[in-house]
Amino acid sequence: MSFLQIHDPLKPKGRAVGIDLGTTNSLVAAVIQGRPRALPADEGDALLLPSVVHYAKDGGVVTGRRARALAPEYPTDTIISVKRFMGRSPDDPETRKLGPYRFASAPGSKVVRFEVAGGNPVTPIEVSGEILRALKRRAESYFASAVEQAVITVPAYFDDAQRQATRDAGRLAGLEVLRLLNEPTAAALAYGLDKGSQGTFAVYDLGGGTFDISILKLVDGVFEVKSTAGDTALGGDDFDRAIALRALEAWGIGDPSPALVQELMQAARTAKEALTHEERTELAVGNQRFAFSRAQFEEWIAPIIQRTGLSCRRAMRDARVTPEDLDGVVLVGGATRVPAVRRFVAELFKKEPLGDIDPDQVVALGAAVQADILTNSEREGEVLLLDVIPLSLGLETMGGVVEKLIPRNTTIPAGAAQVFTTYKDGQTGMDIHVVQGERELVQDNRSLARFTLRGIPPLPAGVARVEVRFQVDANGILSVSAKEQSTGVEQSITVTPSHGLTDEQIEQMLLDSIEHAEDDIQLRQLREQQVEAERVLADLDRSLAEHGALLSPEERARVEEVASTTRELARTTSDHLALKEAIARLDEVTRPFAERIMNKAIQSALAGHAVSEFERKER
């Protein structure tokens with residue numbers, strides 16, 4: 001039997017901690033006697049908790065080192081690097097490449113479900129919840145008191161779905177999630193407070209499964225993110241995979257078993273760590289041996305490291321800084337211990353990176369500082385964090401064109417509003433389609449959410465006024481509302497898509513926006529002219545039906561000829577300027593017709609009235 005615990009709002013809150021929920025390892029920290037400290041495990045001095053969860057046949061759940069030790073024997077019941085699955089769709093072809101797991105089929109579901117021993121399938125949110133629950137127990141054992149609140153860090157490039165999944169995992173673990181804090185910002189917070197530094201810094205964060213680069217400005221306690229970039233599927237795990245692939249090639253194994261893959265990946269991780277201090281190492285799995293040098297290892301991982309450079313250069317360009325403008329480069333993530341990574345960072349930014357704070361701990365330490373600020377009234381307002389939106393947010397307008405309301409790299413919290421109108425006479429509803437990305441057309445961006453505003457008064461086209469408002473909170477979660485201004489009818493939605501971006505999708509979206517920028521603008525201008533042509537032609541057809549008698553046969557033939565040419569051009573041309581000129585010609589040839597319609601309306605309004613009546617009203 002399970003019991004529901006009722007929360008007492010008057011009860012004092014337990015301690016607040018900072019948690020780095022990592023791909024390979026996780027960590028919990030807290031501010032103790034004014035300084036952030038990582039908290040050790042119950043069973044010893046180990047600080048890092050492997051982000052591994054094992055599900056046993058008897059229904060038991062094992063986390064951390066013991067779970068990792070069980071992975072080779074139970075590869076499909078032991079979930080490793082679950083962070084890579086957060087917010088991901090089971091339909092994503094990349095999903096099944098991320099591990100030797102059994103995926104439960106759930107028609108219509110957009111959430112990954114792992115088939116594991118001991119009962120029902122589990123989701124990445126539930127697996128992450130177990131990791132967070134283990135860290136919560138660790139903190140409670142250390143303090144011998146309840147821990148109820150936490151700041152949890154996420155990669156800067158996590159989208160709305162991935163952030164929501166992380167927040168839900170925290171709730172499953174029994175934690176009130178005070179803030180989802182971007183990992184680079186957390187690192188800068190820890191580094192800035194410890195060193196009292198001011199200036200412009202790059203935070204190079206290469207963890208087990210994700211890469212982030214952020215350019216931050218630190219001034220008088222304000223941490224402002226100037227730009228951010230990264231890859232949600234790039235990290236130290238890829239280094240391990242590169243070693244494992246070479247070992248399999250050397251042993252002539254083309255189709256390894258899941259158990260062998262798990263064991264080999266662990267051995268590769270151990271070998272990688274050994275090469276940080278040694279020139280040669282040997283990987284051993286069962287009776288198989290594979291010896292290699294640091295030089296060979298660096299050759300294998302060179303393309304992976306180079307991929308981080310693309311994001312770094314774009315982040316500097318977005319922030320409008322050069323390597324010479326930076327006051328320092330902060331290293332975050334265990335993968336930055338690899339000597340080749342440090343050399344690459346030094347060459348790219350033209351300065352030695354500042355790695356004197358443990359890169360495995362710095363994110364959790366920054367999260368602990370933020371948790372203390374949010375819960376300690378004496379520190380309220382001490383530090384202001386200004387994160388940014390990684391990709392532009394906008395709406396679909398007529399013609400499939402994107403109207404961007406909040407551009408990327410806008411500081412959050414952020415809000416924006418814009419007024420739109422109806423397209424057709426008597427329109428009583430409006431579809432609101434929220435998209436994210438940098439391209440000019442909806443089809444090239446990511447769809448986030450849709451909803452319909454109903455109850456708009458049936459007015460002529462262009463008369464109704466609908467205000468659409470975007471609001472992004474401090475966690476980067478988007479809320480959208482639409483309100484018809486004359487009636488007050490309103491509809492809103494919190495954007496919580498059920499699946500995240502695919503591997504490298506964000507990176508590719510930004511690269512595509514640069515590569516296709518000129519073509520996109522041309523296509524957007526064409527779509528806008530096509531929409532305008534459709535509107536003008538619809539108005540003309542209606543006017544001809546109602547007032548065609550005001551034109552002579554010759555005049556009507558001329559108007560219809562120009563209208564036909566414009567209609568055909570709107571359907572076939574790719575030249576927006578040609579279509580714009582056609583619309584202008586149509587406007588010119590129909591101007592006398594429009595004037596006659598206006599005169600007829602005025603005469604109808606004056607019929608039966610003396611001019612003196614209007615003069616008295618005027619006075």
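The shown structure was predicted, so the numbers you read here are calculated from the model rather than taken from an experiment.
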Is a donor on one side and an acceptor on the other found under 3.5 Å between the side chain of D318 and the backbone of S227? no

May I have all residue pairs that pass ring-ring contact (aromatic ring centres under 6.0 Å, His included) and include part of residues 230-283, sequence neighbours excluded? none

Do you know which two heavy atoms are closest between I301 and V338, and how far apart they sit? CD1-CG1, 4.0 Å

So, using ring pair (Phe, Tyr, Trp, His ring centres under 6.0 Å) as the criterion, who are the partners of F114 when residues are at least two apart? F85, Y101, F103

Within residues 285-302 or reaching into it, pairs that qualify as salt bridge (Lys or Arg N to Asp or Glu O under 4.0 Å) - sequence neighbours excluded: E279-R294, E282-R289, E298-R343

Which salt bridge (Lys or Arg N to Asp or Glu O under 4.0 Å) pairs, counting each pair once, include a residue from residues 243-266, with sequence neighbours left out? none

Of all residues at least two apart in sequence or in a different chain, which pass the salt bridge (charged side-chain N to carboxylate O under 4.0 Å, His left out) check with D238? R84, R241

Main chain of P75, side chain of T78: is a donor-acceptor contact present, judged purely on distance under 3.5 Å? no

Around atom CZ of F290, are there more than 12 heavy atoms from other residues, nucleotides or ligands closer than 6.0 Å? yes

Are the side chain of T185 and the backbone of L181 linked by a donor-acceptor contact shorter than 3.5 Å? no

Regarding E140 and K136, does a basic nitrogen lie under 4.0 Å from an acidic carboxylate oxygen? yes

Check this for me, if you would: do R337 and D360 make a salt bridge, where the nitrogen-to-carboxylate-oxygen distance has to be below 4.0 angstrom? yes

Test item: S141 side-chain N/O and R138 main-chain N/O as donor-acceptor pair under 3.5 Å: no

Under 3.5 Å, is there a donor-acceptor pair between the side chain of R102 and the main chain of E115? yes

Test item: side-chain donor near acceptor, S214 and T228, under 3.5 Å: yes

Would you name the heavy atoms of L178 and A371 that are closest together and state the gap between them? CD1-O, 4.5 Å

Is a side-chain donor or acceptor of R133 paired with a backbone partner of L172 at a separation under 3.5 angstrom? yes

K351 (side chain) donor-acceptor with E324 (main chain) under 3.5 angstrom: no

Is there a donor-acceptor pair closer than 3.5 Å between any side-chain N or O of Q266 and the backbone N or O of R68? yes

In chain order, what residues pass the ring pair (Phe, Tyr, Trp, His ring centres under 6.0 Å) check against W300, with sequence neighbours excluded? F292

Donor-acceptor contact present, side-chain D77 to main-chain A117, <3.5 Å: yes

Main-chain N/O of T123 paired to E126 side chain as donor or acceptor, under 3.5 Å: yes

If I compare all heavy atoms of A139 with all of V147, which pair ends up nearest, and what's the gap? CB-CG2, 3.8 Å

